[in-house]
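All remarks here apply to the structure that follows.
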Amino acid sequence: MQTVPHRLVTIIAERHLRDKLVDAVHRLGATGHTLTDVAGEGSRNAGGGRITGANIKLETIVAPAVAEGIAEHVAERYFQHHSVIVYVQ
Amino acid sequence: MQTVPHRLVTIIAERHLRDKLVDAVHRLGATGHTLTDVAGEGSRNAGGGRITGANIKLETIVAPAVAEGIAEHVAERYFQHHSVIVYVQ
Amino acid sequence: MQTVPHRLVTIIAERHLRDKLVDAVHRLGATGHTLTDVAGEGSRNAGGGRITGANIKLETIVAPAVAEGIAEHVAERYFQHHSVIVYVQ
Amino acid sequence: MLDVLLASLLSPVVLAFVLGALAVVVKSDLEIPAPLYKTLSIYLLLAIGLKGGVALSTTPMAEVAGPVGAAFALGILTPILAYGLLRRLGRMDRTNAAALAAHYGSVSAVTFIAAQSVAAFAGTPSEGFMPALVAVLEVPAIVVALLIAYARGERAGSWREALMEVATGQSIILLVGGMTIGWIAGEEGTASVSPFFVGGFQGALTLFLLDMGMTAARRLRDLRDVGAFLIGFGIGMPIINGALGVWAGQMVGLSVGGAAVLGAMVSSASFIAAPAAIRVGLPEANPAYYLTAALGITLPFNLTLGIPLYLTLAGWLA
Amino acid sequence: MLDVLLASLLSPVVLAFVLGALAVVVKSDLEIPAPLYKTLSIYLLLAIGLKGGVALSTTPMAEVAGPVGAAFALGILTPILAYGLLRRLGRMDRTNAAALAAHYGSVSAVTFIAAQSVAAFAGTPSEGFMPALVAVLEVPAIVVALLIAYARGERAGSWREALMEVATGQSIILLVGGMTIGWIAGEEGTASVSPFFVGGFQGALTLFLLDMGMTAARRLRDLRDVGAFLIGFGIGMPIINGALGVWAGQMVGLSVGGAAVLGAMVSSASFIAAPAAIRVGLPEANPAYYLTAALGITLPFNLTLGIPLYLTLAGWLA
Amino acid sequence: MLDVLLASLLSPVVLAFVLGALAVVVKSDLEIPAPLYKTLSIYLLLAIGLKGGVALSTTPMAEVAGPVGAAFALGILTPILAYGLLRRLGRMDRTNAAALAAHYGSVSAVTFIAAQSVAAFAGTPSEGFMPALVAVLEVPAIVVALLIAYARGERAGSWREALMEVATGQSIILLVGGMTIGWIAGEEGTASVSPFFVGGFQGALTLFLLDMGMTAARRLRDLRDVGAFLIGFGIGMPIINGALGVWAGQMVGLSVGGAAVLGAMVSSASFIAAPAAIRVGLPEANPAYYLTAALGITLPFNLTLGIPLYLTLAGWLA
Ligand SMILES: Nc1ncnc2c1ncn2[C@@H]1O[C@H](COP(=O)(O)O)[C@@H](O)[C@H]1O
Ligand SMILES: Nc1ncnc2c1ncn2[C@@H]1O[C@H](COP(=O)(O)O)[C@@H](O)[C@H]1O
Ligand SMILES: Nc1ncnc2c1ncn2[C@@H]1O[C@H](COP(=O)(O)O)[C@@H](O)[C@H]1O
Ligand code: NA
Ligand code: NA
Ligand code: NA
């Protein structure tokens with residue numbers, strides 16, 4: 001896992017996007033992922049807090065190219081209307 | 001979010017500091033934050049575990065200058081007497 | 001905490017390894033750690049999900065040398081048969 | 001009126017709601033763990049489903065047909081009415097008007113349960129099969145609202161997904177599932193589980209309303225974001241819908257309690273099924289509007305003044 | 001047969017299991033929070049422990065000795081039997097064969113509880129001290145399976161740790177602990193807690209089985225990974241073990257209900273104690289095999305067809 | 001003495017506490033999910049509040065005035081006493097002495113509940129309005145201790161915030177809130193929720209004490225950090241305060257059970273309200289001292305030997 005260079009991609013999103021995002025990252029080349037229940041506030045705050053199930057944090061360690069792809073996909077598909085952020089480390 | 005350079009500031013603290021810290025990071029320029037329930041041990045262990053509500057992890061993605069400010073504020077205000085750590089990535 | 005260079009070591013593992021891993025990182029030089037309950041999928045998926053208690057994320061901020069030691073220990077001791085990943089930032 | 005109002009306001013469930021709101025106002029560190037909130041909503045939905053199913057198993061279909069028809073009709077009518085008001089009077093854009101219409105056309109299970117227990121508390125219990133009406137009332141309004149929205153140009157969300165979301169949402173699964181179990185197992189089959197699902201019900205509801213009070217009070221803080229009109233809508237719409245519901249209930253021969261509870265159901269704004277569906281079907285709609293209106297305005301109004309009002313109305317019409 | 005089958009299939013607990021499975025099949029957003037799952041398993045284990053302990057406190061040891069002996073013997077025999085079948089017929093490698101043997105030799109508390117309540121539901125309640133047999137049946141099989149595995153070459157895991165894991169696992173602690181408390185406090189001493197632990201039991205079980213249904217259905221998706229033989233094993237092994245259990249139950253003088261419940265216990269595959277021990281003792285074994293077989297195949301089979309089958313068998317042999 | 005001791009030690013709640021401690025000692029993987037712990041504490045506080053409120057609604061104020069006065073006086077006296085002992089005999093620094101004084105002057109709801117149920121279990125039930133005394137006893141000691149600390153030089157924390165923390169803390173909100181609800185709704189108003197809050201109470205308490213046993217045992221590991229004096233203090237202080245409480249209880253005309261329960265309350269060390277307030281008001285105090293003493297020493301002592309002792313004392317004085 002440590003040998004080749006890898007990137008950690010972190011996505012924080014409304015809970016109801018969870019399964020879609022998990023499918024997407026695997027489709028885009030991830031071999032695994034880790035999910036954490038989180039709460040948060042942002043510029044949109046589309047999430048209704050616990051009523052709509054707070055947020056989830058999706059982390060996946062992938063090759064740089066894959067990271068690119070995931071970040072782009074999330075940005076295109078979700079930034080406009082959904083409470084989502086993504087960052088690559 | 002990805003365009004300008006940003007820093008990820010992570011604060012781990014006793015639960016009862018949560019609201020104060022959230023207010024502080026927003027006052028110091030954060031536009032959002034993410035909270036996670038965590039447990040932990042450190043040099044002080046001021047937390048009484050579940051009795052006093054374990055710890056919280058507060059993550060915020062901010063401009064480098066803001067990150068500086070937050071780290072300093074936390075260090076000054078809380079390091080001496082509270083169970084808190086902060087790191088910037 | 002910010003003064004000397006430090007590394008953030010993150011270990012994600014099956015829950016039943018938690019205490020062993022916590023002991024190990026402290027034995028190898030960590031002065032503290034933070035635990036988070038997570039769920040996930042990987043190449044092995046040895047975890048039986050909630051039945052066997054999902055996964056835990058163990059984070060510890062340590063000196064570079066210590067980080068090395070922890071990563072090696074985990075790789076040697078657990079990679080072959082357990083659901084574990086480790087990465088250093 | 002007054003005695004009903006008191007009977008309602010002084011019932012433990014409503015007092016718990018007030019206590020929760022107070023806890024937020026005084027910035028208490030009281031926190032209802034999220035898993036407890038989820039557990040209580042699963043329990044309450046399953047419990048009313050079971051009760052409803054047992055009742056259905058002993059009720060002649062003829063008796064249920066009328067109320068079911070009325071609920072269905074109201075589920076079609078009220079979202080159209082709401083949409084019209086929001087567009088004409090509120091000058092609200094189509095997307096947000098449709099989103100709000102979905103919420104106010106659908107039903108809030110909590111309000112239903114509270115109404116049911118207040119009605120019983122006030123000595124006019126409602127029919128046992130009422131939970132069936134919740135299931136009937138929940139879906140149509142959301143479909144209608146989405147139809148209205150999608151009939152008007154491009155949409156960011158997915159229409160099909162949104163319907164799946166409602167149809168397979170936890171409230172439908174637990175309500176309909178619970179009803180089926182109760183209907184199959186019947187009175188004696190469910191006897192062994194009734195200490196848990198019947199005996200514990202009012203107490204669990206008290207805890208749940210404590211949490212709802214906290215959520216509502218937090219939402220109240222967003223009031224400034226939603227504007228005066230939406231505040232008026234959040235109080236006026238339930239009164240109109242509630243009156244419609246009570247009247248319809250009388251028409252189809254429900255008891256005083258039954259008509260009042262139907263009124264409360266119709267007046268209530270969904271904040272579980274509808275938001276879930278709207279996030280998927282109309283993600284461009286602003287949740288600050290529908291969540292604040294449904295949780296911050298209409299829910300508190302119904303729990304405190306609305307339910308007694310519908311009970312009184314039902315009494316007069318009877 | 002049929003009436004027992006119906007009595008079982010139409011009991012709320014089994015229907016809840018089916019509902020949970022359906023929720024997964026239709027991709028519902030229904031989710032049982034993990035802490036609720038943990039809470040229910042703690043509650044159920046402690047509750048059956050308490051009940052068993054109270055029963056033991058009023059049962060002459062002589063009456064219990066036979067069943068305990070039978071359970072112990074079956075705990076030694078069945079893992080050997082399972083290992084043989086898996087090696088000979090299934091051509092499975094030693095490690096995974098031993099791992100599966102541990103699971104099928106040990107017991108699933110849920111299956112026991114469901115069998116107990118179905119037996120009562122069918123009018124043939126089982127002996128009060130049955131929970132003691134769960135504790136007796138849980139450990140030996142795991143020890144035997146580990147012995148078999150460790151007798152054959154190097155192992156990645158730790159044998160001692162694995163035994164500690166079983167001995168101090170939450171199911172043993174809560175079962176034996178609960179029994180001790182029940183035994184010490186006795187009938188009247190536990191009277192004050194029985195509304196909670198006895199009254200609420202069947203309802204809590206219903207919620208728990210709703211969750212188990214979801215887990216089982218999710219596991220079913222992995223069926224392709226495990227192959228046809230394991231599927232057959234997951235159904236055939238419980239039938240064999242169940243028959244053994246019923247027969248042994250009769251031999252040692254258990255009632256019809258008691259023999260059937262013992263059959264269900266022996267037939268069941270552990271998915272709490274055994275997996276925990278095997279992850280420690282045989283980490284190289286593939287969990288996809290034992291978890292899918294135990295949760296995805298044997299648990300659903302037992303809850304739907306198995307338990308009625310053992311009840312019928314017990315009826316015939318009686 | 002002995003029979004009371006047995007009655008206490010053999011009650012399910014105390015046995016559950018011991019079981020929890022044992023689970024930690026044998027390193028069991030048993031874990032009480034944190035949300036369950038929170039849920040149980042919310043439930044228990046609200047439940048005793050409700051019970052107390054209902055009792056108050058039917059008790060002449062005159063009868064309550066004496067005990068309330070006594071509790072208040074003891075809430076002022078005991079922290080001063082504790083501070084003195086810690087400074088003089090223990091040579092402890094001001095900050096930590098004040099922090100401990102706050103904890104030992106305030107009250108532990110769990111100890112109160114356990115004492116109440118042991119007293120009932122021993123055939124000498126306490127007065128129904130006792131929960132009111134918990135609320136009265138909780139706050140003053142913390143205020144007094146903070147006064148002492150702030151009277152002596154600069155402080156890192158905030159005095160006002162600390163008071164807000166106590167006044168709006170979850171224990172006060174739920175206790176006082178529950179009492180108000182119970183007092184308003186009265187006997188019949190709360191009848192519908194009593195299966196949940198009264199029927200389930202002892203069982204929920206059993207689960208809670210299982211968890212407290214685990215927490216206490218984990219704390220015990222820190223004993224070496226706190227030194228011999230604090231261990232002595234953790235046992236001696238409750239005995240002194242307990243005796244004071246029993247004696248005062250007798251003076252103001254409480255029943256044997258009531259005086260014993262008041263003794264247990266006064267003897268107990270707070271580990272919810274006080275730590276929360278002290279973290280805010282005296283962050284420089286070392287939690288290892290007050291948490292270990294309150295949870296690791298005084299709680300186990302009171303639950304096992306203390307409560308029977310106070311019951312016996314009350315018996316003698318009567
Ligand atoms: N600047 C930020 N730092 C950390 N987390 C953030 C930030 N902005 C947004 N988030 C997280 O992303 C979620 C969605 O953000 P938004 O779409 O801006 O509402 C929020 O609920 C937070 O959990
Ligand atoms: N070296 C570390 N690595 C990771 N987390 C830490 C570390 N030190 C402290 N923490 C976290 O920060 C909290 C407060 O630390 P402390 O103030 O040292 O007690 C602990 O409870 C841990 O959750
Ligand atoms: N590529 C990855 N990115 C993020 N988390 C991962 C990844 N691979 C594995 N994990 C996490 O590590 C755990 C064990 O992985 P594995 O040993 O591959 O089953 C999984 O359950 C995930 O939580
Ligand atoms: Na409505
Ligand atoms: Na078995
Ligand atoms: Na005290």
Side-chain angles (χ1 to χ4, degrees), chain D residues 33-47 49-50 53-54 57 161-201 203-204 272-273 275-277 279-280, chain E residues 6-40 43-44 47 113-114 116-123 125 194-211 213-214 217:
Chain D
L36 174 56
Y37 165 79
K38 280 191 187 179
T39 298
L40 289 171
S41 49
I42 291 171
Y43 168 89
L44 292 171
L45 287 164
L46 199 56
L50 282 166
V54 172
S57 70
E161 273 182 36
L163 289 199
M164 280 306 295
E165 189 71 36
V166 204
T168 68
Q170 76 161 22
S171 28
I172 286 295
I173 292 284
L174 291 171
L175 257 177
V176 177
M179 280 200 280
T180 317
I181 295 178
W183 187 77
I184 294 178
E187 190 71 63
E188 57 178 309
T190 55
S192 62
V193 299
S194 62
F196 185 82
F197 285 111
V198 179
F201 191 80
I272 294 179
R279 279 313 291 157
V280 176
Chain E
L6 284 182
S8 162
L9 289 180
L10 303 188
S11 70
V13 290
V14 175
L15 290 170
F17 182 84
V18 176
L19 178 61
L22 278 176
V24 170
V25 171
V26 301
K27 298 199 163 46
S28 166
D29 66 355
L30 172 64
E31 256 183 305
I32 308 292
L36 173 56
Y37 165 78
K38 280 191 187 178
T39 299
L40 289 170
Y43 168 88
L44 292 171
I113 297 171
Q116 215 184 15
S117 80
V118 169
F121 197 79
S194 61
F196 184 82
F197 285 111
V198 179
F201 191 81
Q202 292 298 325
L205 179 59
T206 309
L207 274 189
F208 192 71
L209 282 181
L210 179 70
D211 183 69
M214 297 176 69

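So you know, we letter chains A, B, ... as the sequences are listed, proteins then strands, and number each from 1. All values derive from a computational prediction rather than experimental measurement.
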Subject >> chain D contact via A204(E) - side chain, backbone, both or neither, heavy atoms under 4.5 Å >> reply: both
Subject >> Region of F121(E) that comes under 4.5 Å of a non-hydrogen atom in chain D >> reply: side chain
Subject >> Part of S11(E) lying under 4.5 Å from any heavy atom of chain D >> reply: neither
**OP:** Answer with side chain, backbone, both or neither: which region of L10(E) has an atom nearer than 4.5 Å to a non-hydrogen atom of chain D?
**Re:** both
Original post:
Going by the angle between their ring planes, with limits at 30° and 60°, are F196(E) and Y43(E) parallel, tilted or perpendicular?
Top reply: perpendicular
Original post:
Quick one: does I184(D)'s side chain get under 4.5 Å of L15(E)'s, heavy atoms only?
Top reply: yes
**OP:** Output the option from G203(E), A120(E), G200(E) having the highest count of non-hydrogen pairs under 4.5 Å with chain D.
**Re:** G203(E)
**OP:** Considering only heavy atoms and a distance below 4.5 Å, find which of V18(E), D29(E), L207(E), V13(E) pairs most often with chain D.
**Re:** D29(E)
Original post:
Heavy atoms, side chains only, cut-off 4.5 Å: are Q202(E) and S117(E) in contact?
Top reply: yes
Original post:
Of all of S194(D), A47(D), S192(D), G199(D), which one pairs up most often with chain E through heavy atoms under 4.5 Å apart?
Top reply: S192(D)
Subject >> Euclidean distance, I32(E) CD1 relative to T39(E) OG1, rounded to 0.5 Å >> reply: 12.0 Å
Subject >> Any L46(D) side-chain heavy atom under 4.5 Å of L19(E) side chain >> reply: yes
Original post:
For L22(E), is it the side chain, the backbone, both or neither that has a heavy atom under 4.5 Å from a heavy atom of chain D?
Top reply: neither
Original post:
What option among L36(D), I172(D), I42(D) has the most heavy-atom pairs under 4.5 Å with chain E?
Top reply: I42(D)
Subject >> Side chain S28(E), main chain V24(E), donor-acceptor under 3.5 Å >> reply: no
**OP:** Look at L205(E), T206(E), L210(E) and state which one has the largest set of heavy-atom pairs under 4.5 Å with chain D.
**Re:** T206(E)
**OP:** Kindly compute the distance separating CG (L45(D)) from CG (L50(D)), expressed to the nearest 0.5 Å.
**Re:** 11.0 Å
